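Just so we're clear, the structure is a prediction, and the values are computed from it rather than from any experiment. One-based numbering, in listed order, for ligands and for the atoms of each. Throughout, residue positions are numbered sequentially from 1 according to the sequence presented. Quick note: numbers below take in every heavy atom, side chains included, and nothing from hydrogens, waters or symmetry partners.
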Amino acid sequence: MAQIRFIQQDGSEAVVNIDSGTSVMLAAIRNGVSGIDAECGGCLDCATCHVYVEEGASGVLAPPQPEELELLGSVAAPRKSNSRLSCQLKLPPSITSLTVHIPEAQS
Ligand code: FES
C-alpha cells in the first residue's frame, strides 16, 4: 500500500491509497480525482491520463516504454521531462508515496 498525492493546477490536493500493482490512473479514477480523463481506460491509446511526476521521483520509477514515449508526444498540455501517462505508472514495492501534478488540460 502506498499513497499518491495529486496536486491540481489551483493547488488543491487529494491523497489516495493505492494497492501494489494498481496504476496511478486507476487510483485517481476510483477515488474521484478530477483532471485525469483516461478516455481509453488504460489501453495506451488516448494520452488523456497525463501527469507530471514530482521532481526526483523519475529515477526510482520504471522508465517509460517506447509506446508510452511515443504517445506522450500527443498530450494536450506541455510535455516536460517528468511527463508520464498515469495508466502506465505503477509504484514498485519500495516506494510508499508519490506526488503527481495534474496538467492544465488533457484534450
Ligand atoms: S488512459 Fe489512455 S493512454 Fe492512459
Linked, directly or transitively: Ile7 and Ile95 (ILVMFWY side chains, under 4.5 Å): no
* Is it true that a side-chain atom of Thr48 and a backbone atom of Ala38 form a donor plus acceptor pair closer than 3.5 Å? -> yes
Near atom 4 (Fe) of ligand 1, meaning under 2.8 Å, the protein N/O/S atoms are Cys49 SG, Cys87 SG
The side-chain contact (heavy atoms from CB on, under 4.5 Å) partner of His50 among Pro78, Pro103, Ser86, Ser107 is Pro103
side-chain contact (heavy atoms from CB on, under 4.5 Å) test vs Val24 passes for just one of Leu91, Leu61, Val16, namely Leu91
When rounded to the nearest 0.5 Å, the distance separating CE of Met1 from CG of Asn17 is 5.0 Å
The side-chain contact (heavy atoms from CB on, under 4.5 Å) partners of Thr22 (sequence neighbours excluded) come to Ile18, Asp19, Leu26, Arg30
